[in-house]
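Positions are given from 1 along the sequence.
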Amino acid sequence: MATARMLHLYRVSASLAVVFLLLNVINTGTCDEQVPLMLWTSEGISLPSQSPPTAGHIVGGEQLGSYLEKALNMGPRNVLLFLQDKMSIEDFTMYGGAFGNKQDSVFPNLEGALMSSPSPLVLPAVSWPASNAVIGQLQDQLETSPLYMDPETLSQLRLNASSPALLVFRLPYGTGADLMSAKEILSGNDDVIGQVLSIMKTQSVPYTAIYTALRPSREAASLSLEAGLGGGRSLLQARGGHKERERERERQRMIKDKAGVYSPVEFKEGEDTCILLWATTLSVSILRGGRWEDHDLTPSTFGEGVSPKLHGSSCDLTRSRLVLNYESVLGHRSFKLIFAMSQRHYQVSARRWFTLDAVELEYDGTKATFNGSRNIYAPAEYSYRCESVTSFRWPVLVPHSAKDPANQWRVSFEDFQIQGFNVTGGDFSYASDCAGFFTPGIWMGLMTSFLMVLVLTYGLHMIMQLRTMDRFDDPKGPAISVPQTE
């Protein structure tokens, strides 16, 4: 029996390695558009066998939803979603010991979980917009809101096997050029996976685990490699290769466009676009029982095939109002995220400016209002952009009053851009960024340079004050007598 078990584990490990290597070879040209996804269950829980996609096939949103539906219909409905910022197949071939050096693998806990699961599912190539919407798909199928967790919080939580739960664990990824930092971060992520699975095993709660990412991690590297190959090939071409170089540039442009970000939310008054909104993250949190419960609105607002409900929105020459309508957010059946903007002429600057007057949350007949007009503004012809717009960390949105329900809420918008007036076509105008010209880094550089100039000036001054001797002792003559009064 033990021998049969070991053979089964060896087949699973070998098949996973073969699948990853085959997909890495076949999909070299399009690896920047895909992310892998792994699904497994706790020990002793088997799922109906699902045939993996054929080599070279990219799993889209509908097919991924079918895989998840079949798994959750028969498997545990306590779902652990390990959502990494970026990931690609190359991460497993580079750091997973895919070439026989298993001792160098940074995924021992992940490999152990896949081998111990009776029916793991490995999807090496999932379209990243589909993986980006996996939270929304799980939320719809489980009919529950996601809870953003960490191992420490999970150890204090008591789960019930009979009631569904969606626990999301966000994992980072190294973004710099230092390969060692990426390896260390992936190893740390694997440790987090191991801690979470150990806690679930201690609580004896069956679970379904999913490990995937929001974005491919090899996008920039793939594009730069292709650009380098294209440049090298053009240098070897003979005269008359201009058309070939143009086709290469066009191909690279199409790759970048295809791997680009999703479209902004667009509200039209008649045939003309009057409001645009874009962000990489839209999230809200509510304080319940002494802790914050988070909900990510991004999958329901942006992405491939997503069409947010905008009824209640309006715009004119002086005021704009963008209303995003949601359902089942943090236990509220009806939920609205509202951006109220206005523009007016200021005589001091002799131009028109628009302000984001308020961000409102309407839920089940209650309204929470955050003021933003003092910090969020831009010329009326521009759009407004900011890396982070929050109400709790360096807040630019503040509750309307001390008794406003907004004091029980948090809002966070990452890489936020909005324009409510003078929209031409479907594109943002020039962006007025919230970051000032004199950033902390610039101030530090100026102060350091000023101190260095002071030290240099003091040193030059001291050197110029040195006085050399004007009398010298002659050994053949009488000794020099220096009076004490000189």
Side-chain angles (χ1 to χ4, degrees), residues 37-50 61-84 113-114 116-121 123 126 130-171 192-193 195-212 214 283-286 288-289 291-300 306 326-335 363-364:
L37 183 143
M38 285 140 283
L39 184 146
W40 69 94
T41 57
S42 51
E43 296 184 28
I45 304 295
S46 60
L47 298 176
S49 61
Q50 302 191 60
E62 294 183 3
Q63 188 176 5
L64 178 59
S66 176
Y67 278 120
L68 297 177
E69 183 178 2
K70 292 179 182 178
L72 296 178
N73 285 341
M74 300 297 295
R77 296 178 66 82
N78 283 309
V79 178
L80 308 176
L81 177 59
F82 299 99
L83 195 59
Q84 196 163 285
L114 290 173
S116 63
S117 176
S119 51
L121 176 65
L123 305 177
V126 177
S131 68
N132 204 10
V134 69
I135 293 182
Q137 293 183 352
L138 293 174
Q139 183 178 347
D140 295 339
Q141 295 181 17
L142 297 174
E143 297 181 351
T144 185
S145 300
L147 296 177
Y148 290 83
M149 308 286 290
D150 53 52
E152 290 76 11
T153 308
L154 178 62
S155 61
Q156 303 174 3
L157 184 66
R158 293 295 175 263
L159 298 175
N160 188 352
S162 60
S163 59
L166 176 55
L167 309 181
V168 182
F169 298 87
R170 293 296 299 268
L171 304 176
V192 172
I193 294 176
Q195 294 175 21
V196 172
L197 299 184
S198 177
I199 294 172
M200 296 297 292
K201 185 177 181 180
T202 303
Q203 297 185 6
S204 301
V205 178
Y207 61 84
T208 299
I210 300 173
Y211 181 35
T212 186
L214 296 173
S283 64
V284 294
S285 308
I286 189 172
R288 287 175 177 166
R291 66 186 187 91
W292 291 96
E293 297 182 10
D294 301 330
H295 184 88
D296 189 4
L297 302 174
T298 312
S300 304
V306 177
Y326 305 95
E327 297 178 355
S328 302
V329 175
L330 295 171
H332 302 289
R333 297 181 57 187
S334 175
F335 188 88
Y363 52 97
D364 298 339

Pairing donors with acceptors under 3.5 angstrom, does anything connect the side chains of D294 and S285? yes
Within a 6.0 Å radius of atom CD on E62, are there more than 12 heavy atoms belonging to other residues, nucleotides or ligands? no
Decide yes or no for T212 and V126: does some side-chain heavy atom of the first lie under 4.5 Å from some side-chain heavy atom of the second? no
With sequence neighbours left out, the residues meeting ring-ring contact (aromatic ring centres under 6.0 Å, His included) with F169 are F82
Test side chain to side chain donor-acceptor pair (under 3.5 Å) applied to S162 - qualifying residues, sequence neighbours left out: N160
I'd like to know if the side chain of E143 and the backbone of P164 have a donor-acceptor N/O pair within less than 3.5 Å. no
Of L138, V79, L166, the one forming a side-chain contact (heavy atoms from CB on, under 4.5 Å) with T144 is L166
What's the separation between atom CD in Q195 and atom CG in D150, rounded to the nearest 0.5 Å? 9.5 Å
Nearest heavy-atom contact between A165 and L142 is O-CD1, 4.0 Å
Looking only at heavy atoms, which two atoms of S163 and N78 are closest? And how far apart? O-OD1, 3.4 Å
To the nearest 0.5 angstrom, please state how far the CG atom of L114 sits from the CE atom of M38. 7.0 Å
Spatial distance of atom CG (D296) from atom CD (Q139) [nearest 0.5 Å]: 9.5 Å
Contacts of S198 that satisfy side chain to side chain donor-acceptor pair (under 3.5 Å) - sequence neighbours left out: none
I would like to know whether L39 and Y67 meet side-chain contact (heavy atoms from CB on, under 4.5 Å); could you show each step before the answer? CA-CA 10 Å; L39 184 146; Y67 278 120; over 6 Å; no
All heavy atoms of P151 vs all of V196, minimum pair found to be CG-CG2, 4.1 Å
Measure the shortest side-chain to side-chain distance between W40 and Y211 over non-hydrogen atoms and say whether it is less than 4.5 angstrom. yes
Any donor-acceptor pair under 3.5 Å linking the side chain of R77 with the backbone of M74? no
What heavy-atom pair brings L159 and Q203 nearest, and what distance separates the two atoms? N-OE1, 4.0 Å
Which heavy-atom pair separates A113 from L197 by the least distance, and what is that distance? CB-CD1, 3.6 Å
Are any side-chain N or O atoms of S155 and backbone N or O atoms of E152, one a donor and one an acceptor, separated by less than 3.5 Å? yes
Name the orientation class of the two ring planes belonging to F335 and Y363 (parallel below 30°, tilted from 30 to 60°, perpendicular beyond 60°). parallel
Has R288 got a side-chain atom pairing as donor or acceptor with L330's backbone, closer than 3.5 angstrom? yes
What's the separation between atom CD1 in I286 and atom NE2 in H332, rounded to the nearest 0.5 Å? 4.0 Å
Contact summary for S145 and G331, nearest pair of heavy atoms: OG-N, 4.1 Å
To the nearest 0.5 Å, tell me how far S300 OG sits from H295 NE2. 5.5 Å
